[in-house]
Amino acid sequence: MPSALSERLQEVTGAISDAAATAGRDPRALTTIVVTKFHPASFVRELYELGVRDFGESRHQEAQPKIATVRDLTATWHFVGQVQTKKARQIRAYADVIHSVDRISLVSALEGEPVRRAFVQVNLTDDPGRGGVAPENLLALAEHVASAPGLELLGLMAVAPIEGEPRHHFARVRELSERLCEVIPTASYLSIGMSGDYRDAILEGATHLRIGTAITGKRPGPG
Ligand SMILES: *Cc1c(COP(=O)(O)O)cnc(C)c1O
């Protein structure tokens, strides 16, 4: 009998394919990252058994020991939370992709070997505490990341604000992405879309979906 987890995974995978079809896009061009924060390493193994290869974490103090215990899996780890400058070197040690580069002062802290892929996070709210660079400073930061040794700029990441239609916010990210691509054509990837809004994100060009609860079910801890 299929587990509840495998049923949710299948359901979301199906919904992603449907949204891609609606958007006239190839679902194979979409990377679904399952965000496993607050779930134990054993849960990561369960997801791996079900075919998941891309995993996301948002808190360094939780991610570091967890990922260390599943190093035997051939998986890609995505760090999606805010990065403290003093933890940057430790995070780049285990995270293949860092989705949340949001300030120039963080860039030099993230340089090193091997090359890590990175997204610049853009803040769509007026609250600087939300993480992400203000849209007006986006290009300068992106150029910094693109020229940093040891970082490969993939594109933009954003979280839709609670207020307003997600689709409207994602359309804005798409516009910012188009402007960025005029300067850095290779930075065309878009990390947008979570459990509640991934369909809208796919319609606006998402390439990386960061999905937690819709697949994992309720998180065990706060969050
Ligand atoms: C937790 C988290 C997600 C996943 O959230 P869900 O709503 O559970 O899908 C995605 N992105 C970031 C940055 C997160 O912290």
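Scope of the values below: all heavy atoms of this structure, side chains included, with no hydrogens, waters or symmetry mates. Whatever order the structure lists them in is the order used to number ligands and atoms, beginning at 1.
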Please list, in number order, the atoms of ligand 1 under 4.0 Å from a heavy atom of I211.
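Those of ligand 1 that fall under 4.0 Å from I211 are 9 (O).
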Pull out every atom of ligand 1 sitting under 4.0 Å from any heavy atom of K37, numbered as shown with elements.
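So the answer, numbered in order with elements, is 1 (C), 2 (C), 3 (C), 14 (C), 15 (O).
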Heavy atom to atom 12 (C) of ligand 1, shortest distance: which of V35, V80, T36, T216 holds it?
V80
Does the plane of the ring in Y48 sit parallel, tilted or perpendicular to the ring in F55? Use 30° and 60° as the thresholds.
parallel
Output yes when D102 and R130 qualify as a salt bridge under the 4.0 Å nitrogen-oxygen rule, no when they do not.
no
Surrounding CD of E11 (heavy atoms of other residues, nucleotides or ligands, distance under 6.0 Å), is the total greater than 12?
no
For ligand 1, does R219 get within less than 4.0 Å through its side chain, its backbone, both, or neither, judged by non-hydrogen atoms?
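The answer is the side chain.
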Worked verdict on H60 versus Q90 for side-chain hydrogen bond (donor to acceptor under 3.5 Å, both in side chains)
CA-CA 8 Å; H60 168 65; Q90 292 177 56; 3.2 Å; yes
